[in-house]
Amino acid sequence: MRKKTPSPAPEKDKGLSLGDLLSQDTAELLKRIKKEKEQELQQQREEELARKQFEAKQREKNKSFEELLNESQMDWKKYK
């Protein structure tokens, strides 16, 4: 049994790209969709960053006195 090898593409199709094969309207539509998706992703990243910053501020705001004391750089033994 011999394995079939794919036949090479015709010479005239080697220089064509997907953009060449699509109509101008379709190419513009795909570019617009791509741009919209990129903007949505950027907006989601910004919202996620803002949410994380808000949560970090809330955690800092809600720390107990003991946690704040433990994080302090002051040497409290000097003041006893």
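Owing to the predicted nature of the structure, the values given are computational and were not obtained by experimental measurement.
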Note, E47 side chain near Q43 side chain (heavy atom, < 4.5 Å): yes

Heavy atoms of other groups near E66 CD, more than 12 under 6.0 Å: no

Candidate pair Q39 and Q42, rule side-chain contact (heavy atoms from CB on, under 4.5 Å), full reasoning: CA-CA 5 Å; Q39 289 175 345; Q42 180 65 27; 5.6 Å; no

Side chains of E40 and Q44, donor plus acceptor under 3.5 Å: no

Gap between atom CZ of F54 and atom CZ of R59 - 0.5 Å precision: 11.0 Å

Qualifying salt bridge (Lys or Arg N to Asp or Glu O under 4.0 Å) pairs with a residue from residues 21-33, counting only residues at least two apart or across chains: none

Residues clustered with L29, ILVMFWY side-chain links under 4.5 angstrom: I33

Distance (rounded to the nearest 0.5 Å) between K37 NZ and K34 NZ: 14.0 Å

pair R45-L41: side-chain heavy atoms closer than 4.5 Å: yes

With sequence neighbours excluded, residues passing salt bridge (charged side-chain N to carboxylate O under 4.0 Å, His left out) with E38: none

